[in-house]
Amino acid sequence: MDEVKEFTTKQFFKTLFTLPNTLKLIFKLEKHYALYLIILNILTAFIPLASLFIYQDLINSVLGASQHLISIIAIYFITQVVTTILNQIESYISGKFEMRLSYNINMRLMQTTSSLELSDYEQSDMYNIIEKVTQESTYKPFQLFNAILGVLSSFISLLTSLIFIGTWSIGVSLLLFIIPILSLILFLRVGQLEFLIQWRRANEERKTWYIIHLLTHDFSFKEIKLNNISGYFLEKYGKLKQQFIKQDLSISRKKVYFNILLDFILNIVNIGAIFAMIMSVRAGKLLVGNLVSLIQATSKINTYSQAMIQNIYIIYNTSLFMEQLFDFLKRDEVKDEESIDLNNQYEEIETINTANLSYIYPNTDNFTLKNVNVTFNKGELTAIVGKNGSGKSTLVKLISGLYKPTQGEIYYNDQSNGSLPIDFYQENISVLFQDFVKYELTVRENIGLSNLAYLRNDDRIIQILDNLSLDFLKIKGKYELDMQLGNWFQEGRQLSGGQWQKIALARTFFKKASLYILDEPSSALDPVTEKEIFDYFVKLSRENISIFVSHSLDAARKADKIIVMKDGMVEDVGKHESLLKRSSYYQELYYSEKYEDIDG
Ligand SMILES: Nc1ncnc2c1ncn2[C@@H]1O[C@H](COP(=O)(O)OP(=O)(O)OP(=O)(O)O)[C@@H](O)[C@H]1O
Ligand SMILES: [Mg+2]
């Protein structure tokens, strides 16, 4: 994460330089509404000046100094009506603009997040940025644009009021102008502090979201309830939140001090000005109507200048955020360039070779995979076995292109992984991950999401459901493809752990691929189901490359080839019988499964 440096004028301008980019982005997404809003704001900004003149003439006409009472009242009436209409139109357009802008930016962001790498989500720094950016981008760009409009209109109103006062005394007018400019500089320091605090605590904020997630979702609720630990989590949550509140309040207090100070100074100047005005009237140099309008203009200057400062503050604060947002969006542009010529049709994979494949997870010290040299062939069923943490799933993720090798290469039909784009993997490989997804969606989607072209093809979906005997999805003898699954949404049907796993398996096989990988496919299956599914997989493996990771060596013995992993390295490769004869490590795995003593 970038450290935000100490406040300097240079950095202030650098941050403000994101403004053209922000405007460009906003205009690109919502040009018309942005323009309407700017025009409306400029128009309404002149209304206060018109009011000043109208009040002045109204009062002077009471005193007989103005002759056109009727026309002044008519102008007064028209101004009021026009003001109301303009304000209403503006608030409608502004609402519409906000909705559309936040929708568009969210879409852009979601596109960017889906183009990230798996490893981006596995690093907390990156995760913080993703969370922060996705949470805040819904409202920050709009807030920024609104603030720009606010500055524009309050600046116009401020300026016209100052000019109005300037017609009486330029000196007073200048004095009233200098004070808000000076206080602005003080305010921006607070703006940066606020941003810094919020940016640095992103990690802690995510912890509070995580606790809320734990306390409000079924997957964790059972355990929390039974162990009676909700109090523990609430306390943890409370501690974090109280710390945030303390920080926020300290910023609020600083703002209050500044506001009081600013208001105090402005009021002293105001009193002085009003005093001088009254003296002018007494000396017969100023009409009472003019006095009333001048007093009004003077008091409004406080309002306008504070509005202007508040808005510049918001602009500065949100621009600091926009800097990060633009950095984030750039990731997508880089990837776009990488993947320009990608309308290829890829030939199916017939062999895979890893050549001295090694992998180290970012932010860790030791290699998780070391010099792995293995081969997979079409028509061959390969099992990968080994203890927890031996690197089996990591190998699967490397082969499926989700990670890039740290050292060594993977060859797909003699093509090195370095030369293959992401859609090569997407087209060719179907994987059942160890932590497969339970989509809280319909049966149809749970199966068809791996092959969208056939999402509406009932026959195909039913065929795969039949092949894997997912009979539990039948109602009165018929598959209910549009039945909602899970219990998050209305009329959802919750399934058992093994049933979910069968659905995930069906989804994996529904995809047309030349390489199928199943990571722990039977962890939740009963022995009968396991056998059925295994038979299906064996049949399928004759036309594809098929790999499965398993802790069950009984299942593995049916494979054509077994890869034994130990501490990130390949311990041995072979058939069950020969491994059992020659590898003591394999024997250890095999006999512990049987709950037998190796020696016994
Ligand atoms: N995202 C990650 N970041 C850092 N280290 C990781 C990550 N994922 C796994 N590891 C580490 O890499 C090692 C291998 O993990 P892997 O998931 O490949 O093991 P496995 O053989 O599939 O184990 P299991 O049988 O439990 O599924 C483990 O020590 C694990 O702690
Ligand atoms: Mg694993």
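Please read all numbers here as calculations on a predicted model, not as lab measurements. Heavy-atom basis, side chains included; hydrogens, waters and symmetry copies ignored. All ligand and atom numbering here is 1-based and tracks the order in the structure.
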Taking the six-membered ring of [Y] (Phe, Tyr or Trp), confirm whether the NZ or CZ of [X] is under 6.0 Å from its centre and within 45° of its axis.
{"X": "Arg460", "Y": "Phe510", "answer": "no"}
{"X": "Lys502", "Y": "Phe472", "answer": "no"}
{"X": "Lys140", "Y": "Phe321", "answer": "yes"}

Nearest protein heavy atom with distance in Å, relative to [atom]:
{"atom": "atom 13 (C) of ligand 1", "result": "Thr368 CG2, 3.5 Å"}
{"atom": "atom 25 (O) of ligand 1", "result": "Lys392 NZ, 2.7 Å"}
{"atom": "atom 5 (N) of ligand 1", "result": "Tyr361 CD1, 3.2 Å"}
{"atom": "atom 23 (O) of ligand 1", "result": "Gly389 N, 2.8 Å"}
{"atom": "atom 27 (O) of ligand 1", "result": "Gln434 NE2, 2.8 Å"}

>> Does the protein place a non-hydrogen atom closer than 4.0 angstrom to atom 9 (C) of ligand 1?
In response: yes
> Any protein heavy atom lying closer than 4.0 Å to atom 19 (O) of ligand 1?
Replying inline: yes
>> Is His551 close enough to touch ligand 1? Criterion: a residue heavy atom under 4.0 Å from a ligand atom.
In response: yes
> Within Thr394, is some N, O or S atom less than 2.8 Å away from the Mg ion (ligand 2)?
Replying inline: no
> Got a sec: is Asn388 within less than 2.8 Å of the Mg ion (ligand 2) via an N/O/S atom?
Replying inline: no
> Looking only at N/O atoms, are Thr364 and ligand 1 under 3.5 Å apart anywhere?
Replying inline: no
Determine, using ring centers only, whether [Y] and [X] are less than 6.0 Å apart.
{"X": "Tyr412", "Y": "Tyr346", "value": "no"}
{"X": "Phe537", "Y": "Phe509", "value": "yes"}
{"X": "His213", "Y": "Phe233", "value": "no"}

> For ligand 1, does Glu520 get within less than 4.0 Å through its side chain, its backbone, both, or neither, judged by non-hydrogen atoms?
Replying inline: neither
> What part of Glu122 sits under 4.0 Å from ligand 1 if we count only heavy atoms: the side chain, the backbone, both or neither?
Replying inline: side chain
> Has Lys404 got more than 12 heavy atoms of other residues, nucleotides or ligands less than 6.0 Å from its NZ?
Replying inline: yes
>> So does Leu116 get a backbone contact from the side chain of Asp120, meaning a donor-acceptor N/O pair under 3.5 Å?
In response: no
> Does a donor on one side chain and an acceptor on the other come within less than 3.5 Å for Ser393 and Gln434?
Replying inline: yes
Please could you name the atoms of ligand 1 that [X] approaches to less than 4.0 Å, counting only its heavy atoms?
{"X": "Gly391", "result": "14 (C), 18 (O), 19 (O), 20 (P), 21 (O)"}
{"X": "Thr394", "result": "14 (C), 15 (O), 16 (P), 18 (O)"}
{"X": "Asn388", "result": "23 (O), 24 (P), 25 (O), 26 (O)"}

> Among Ser393, Ser390, Gly386, Ser119, which residue places a heavy atom closest to atom 22 (O) of ligand 1?
Replying inline: Ser393
> Rounded to the nearest 0.5 Å, how far apart are CZ of Arg507 and CD of Glu445?
Replying inline: 11.0 Å
>> Distance check, rounded to the nearest 0.5 Å: Leu540 atom CG versus Ser546 atom OG?
In response: 5.5 Å
